[in-house]
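Below is one structure, written out as structure tokens; comments come after it.
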Number of protein chains: 2
Amino acid sequence: MWSAMSETTSTAPTSADVARLAGVSRATVSYVLNDTAGGRVSEKTRLRVRAAADQLGYVPHAAARSLRAGHTGLVLMAAPEITFGPLFNEFFAELRAGLRDHGYTAVLYGTRGDLSGREIARAWAELRPTAVITGVTDDLTPEGVEILRRSGTRAVLSLAERPVPGAHSLLLDQSAVGATAGEHLVARGHRAIGVVMPTDATLRRFSEPRLAGVRQAAAGARVEPLALDYTESSAAELAARWRSLGLTGLFCYNDEYAALIQAAFQDAGIAVPTDAALVGADDLMLARVLRPRLTSVHVSLPEGIALADLIDRLIREPDTPPETYRIGDATITVRDSS
Amino acid sequence: MWSAMSETTSTAPTSADVARLAGVSRATVSYVLNDTAGGRVSEKTRLRVRAAADQLGYVPHAAARSLRAGHTGLVLMAAPEITFGPLFNEFFAELRAGLRDHGYTAVLYGTRGDLSGREIARAWAELRPTAVITGVTDDLTPEGVEILRRSGTRAVLSLAERPVPGAHSLLLDQSAVGATAGEHLVARGHRAIGVVMPTDATLRRFSEPRLAGVRQAAAGARVEPLALDYTESSAAELAARWRSLGLTGLFCYNDEYAALIQAAFQDAGIAVPTDAALVGADDLMLARVLRPRLTSVHVSLPEGIALADLIDRLIREPDTPPETYRIGDATITVRDSS
DNA sequence: TTGAAAGCGATACCAG
DNA sequence: CTGGTATCGCTTTCAA
């Protein structure tokens, strides 16, 4: 029964309040509510305690508990400020579920870009997380890793395209994406390949290794980086000078950029795939709703469950030397654009 | 200087450690590091304390601090398990920035769908958040609101398409989206209008008010709901029976569904906009990369800054009776598909 | 100008 | 079977 509306003065009920109402000690309340020490408390008392807790709407105080326990079950995940699309969202959701099954609480903790590596690390360290997974956008410096470890963080992982010294690395091998696209285009006979490079600075960490991957796979062919804003006008401009570039294939960074370009090419009378063979990446639904349908490279992220198991192991063995786990398999789905 | 690698035994340095190293008391350390009581501590001592803290890599313990302070600066935001796209992401990022300027720490806290309303509320209440913003996906029951308030949460907001009793409501008026689309189609002379209804259950809370909006705006016209999976085959099927439906206009729920349908129509030889006038929603970049370009209804979310100000006010005046704030203006961008 | 000590809420040891 | 009590790390009042 929810008795009265919350008064302003309502201070949260504590275990002491529960104890008082049930006529027992705080220790007993703790035993009962945590199912500790089986059978040490009589059935009758347990019922009284439970009833009292219920009546007061008692909820334990996580901060007090973890202060006493010496550890929080918190796994902090860096929250990207930019969108990575449905792929990442689903991945995070799965990972969170997996961690919860191991008894951890996963939280997306966001920071703005205007904090230095040290400040970010300190902000995280204040929460005394059990583990930290730094995302793709955030800069975790070696110094930051050290700050976290000193403050008791047992595992620091970086999910990025290059390793952070001192931290375990889940290396998202972006160059494999480019390489897969490059191989495909070369196999189709293309010897002059353009690579779209978004001017967006936050994407550089992806675009550059992807370019390198194309270069490596298309050794011997001409590979030309082409800067592009994510705007219609920028795409139109690229379309206008396409014929003069002498290229036949184009790796478009991802499906969204590819869609933009395909539309501009269409407007300019450049036929896909005959005048330009297009390859996107991420294999979004978008690739299937365009006409012609888009060939796309897909990066499979690791199963959230498996990753949760790994994190749990690293937490339990905090002295495991930093290791690099290569994740993400690149596979290509060939459709009508190439 | 980062002396040695973190040993296993490394227990996080406390303010007592800093005090010992600096040769002062814990109180003094607290004064210095928090800039409390200006001028009460001599410059010399302050330097010593700062140096000691630095040397040890001291980071204060947030749980201990807030336990003592009696309040956390935590604003919990329900993390949606599904994607709402770039619109929401940007909105969340802005909101977080705004809250940080007010001294709060915003955190995305995720829960899986398998928790009951009470369990979710308890999980949140354990963290003693200062405010909770429940997202679009999560079910916050009136009972949950009460649990939170009892445990000291000063403001509970729901950002949803219908109000939660007891909580402040940021009412995202989805019916306005449908109404705007309906008005547009009617103004163009359409008297038989289809409305795409995603079969995805989590989207029903959006799709139904959107449908209602169309109905209201197109009173007198025929309005036909059309169930659709987010698959190519489902779209193809709709295209196959389009002519037999006798409809001329189609509101597609959002741009992604509209893209799917436009492709299917194109495959089936149904001309857009002459055989079918299409209207999407959310005004994504997608609407601009399709050919014909997509007419789209745009919902403008409130400025994160403004919302942060509102939340701050509600926190300061926790007894403000629950109120409903209508947010989101629907405006249409007419392009080539309608 | 600095230090001693109380207390925030929960838990776990050791007595009774 | 149950209760007292020390403890986690930090802030803040009160004394010195």
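For the numbers below, each heavy atom of this structure counts, side chains included, while hydrogens, waters and symmetry mates do not. In this text, all values refer to a predicted model and were calculated from it rather than measured experimentally. To find a chain, count down the sequence lines: A is the first, B the second, and so on, and within it residues start at 1.
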Select one nucleotide: of D:dC10, D:dT2, D:dT11, the one nearest the side-chain heavy atoms of A:Thr28.
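Among D:dC10, D:dT2, D:dT11, the one nearest the side chain of A:Thr28 is D:dT2.
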
Given C:dT1, D:dT2, C:dT11, the nucleotide with the shortest approach to the side chain of A:Ser42:
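Ranking C:dT1, D:dT2, C:dT11 by closest atom to the A:Ser42 side chain puts D:dT2 first.
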
Residue pairs, two or more places apart or on separate chains, that pass side chain to side chain donor-acceptor pair (under 3.5 Å) and touch residues 303-318 of chain B
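Matches after skipping sequence neighbours: B:His102-B:Asp309, B:His102-B:Asp312, B:Tyr104-B:Asp312, B:Asp312-B:Arg316.
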
Strictly distance-based, threshold 3.5 Å: is any side-chain N or O of [X] a donor or acceptor partner for the main-chain N or O of [Y]?
X        : Y        : answer
B:Asp17  : B:Thr14  : yes
B:Thr130 : B:Thr72  : yes
A:Arg20  : A:Ser15  : no
B:Asn34  : B:Tyr31  : no
B:Glu94  : B:Phe91  : no
B:Ser169 : B:Leu171 : no
B:Arg150 : A:Leu56  : yes

In this structure, how many angstroms lie between the [atom2] atom of [N] and the [atom1] atom of [X], rounded?
X        : N      : atom1 : atom2 : value
B:His61  : D:dC8  : NE2   : P     : 12 Å
B:Asp35  : D:dT12 : CG    : C1'   : 16 Å
B:Glu126 : C:dA10 : CD    : P     : 10 Å
A:Leu67  : D:dA6  : CG    : P     : 17 Å
A:Lys44  : D:dC1  : NZ    : P     : 11 Å
B:Tyr58  : D:dT11 : OH    : C1'   : 10 Å
A:Glu43  : D:dT2  : CD    : C1'   : 16 Å
A:His71  : D:dG9  : NE2   : C1'   : 16 Å

Indicate whether OP1 or OP2 belonging to C:dG9 is found under 4.0 Å from a side-chain N or O atom of A:Arg68.
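False: A:Arg68 side-chain N/O out of range (4.0 Å or more) of C:dG9 OP1/OP2.
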
Are OP1 or OP2 of C:dT11 and a side-chain N or O of A:Asn34 less than 4.0 angstrom apart?
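True: A:Asn34 side-chain N/O within range (under 4.0 Å) of C:dT11 OP1/OP2.
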
Under 4.0 Å, heavy atom to any atom of DNA chain D: which of residues 16-26 of chain A qualify?
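Contacts with DNA chain D under 4.0 Å: A:Gly23, A:Val24, A:Ser25, A:Arg26.
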
Applying a 3.5 angstrom cut-off to the pairing atoms, does DNA chain C sit in any stems of at least three consecutive Watson-Crick or G-U pairs? List them by first number.
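Output for stems: C:1-16 with D:1-16.
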
Between B:Arg50 and B:Asp35, does at least one N-O distance fall below 4.0 Å, as a salt bridge requires?
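Here B:Arg50 pairs with B:Asp35 in a salt bridge, since their nearest N and O are under 4.0 Å apart.
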
Using a cut-off of 4.0 Å on non-hydrogen atoms, how would the nucleic acid contact of B:Thr14 be classed: base, sugar-phosphate, or nothing?
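Answer is sugar-phosphate: B:Thr14 comes under 4.0 Å of backbone atoms only.
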
Using a 4.0 Å heavy-atom cut-off, does B:Thr45 contact any base of the nucleic acid, only the sugar-phosphate backbone, or nothing at all?
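Result for B:Thr45 = sugar-phosphate.
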
Heavy-atom distance under 4.5 Å between the side chains of B:Leu157 and B:Val132, does that happen here?
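Not touching, per the 4.5 Å side-chain cut-off.
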
Please write out each protein N/O paired with an N/O of nucleotides 13-16 of chain D under 3.5 Å, distance rounded to 0.1 Å.
from	atom 1	to	atom 2	distance (Å)
D:dT13	O4	B:Tyr31	OH	3.2

Got a sec, which residues hit side-chain contact (heavy atoms from CB on, under 4.5 Å) with A:Pro60, two or more places apart in sequence or on another chain?
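side-chain contact (heavy atoms from CB on, under 4.5 Å) list for A:Pro60, sorted by chain: A:Tyr58, A:Arg65, B:Arg122, B:Glu126.
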
Partner residues of A:Thr28 under the side-chain contact (heavy atoms from CB on, under 4.5 Å) criterion, sequence neighbours left out:
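With sequence neighbours excluded, A:Thr28 shows a side-chain contact (heavy atoms from CB on, under 4.5 Å) to A:Val24, A:Ser25, A:Val32, A:Val41, A:Thr45, given in chain and number order.
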
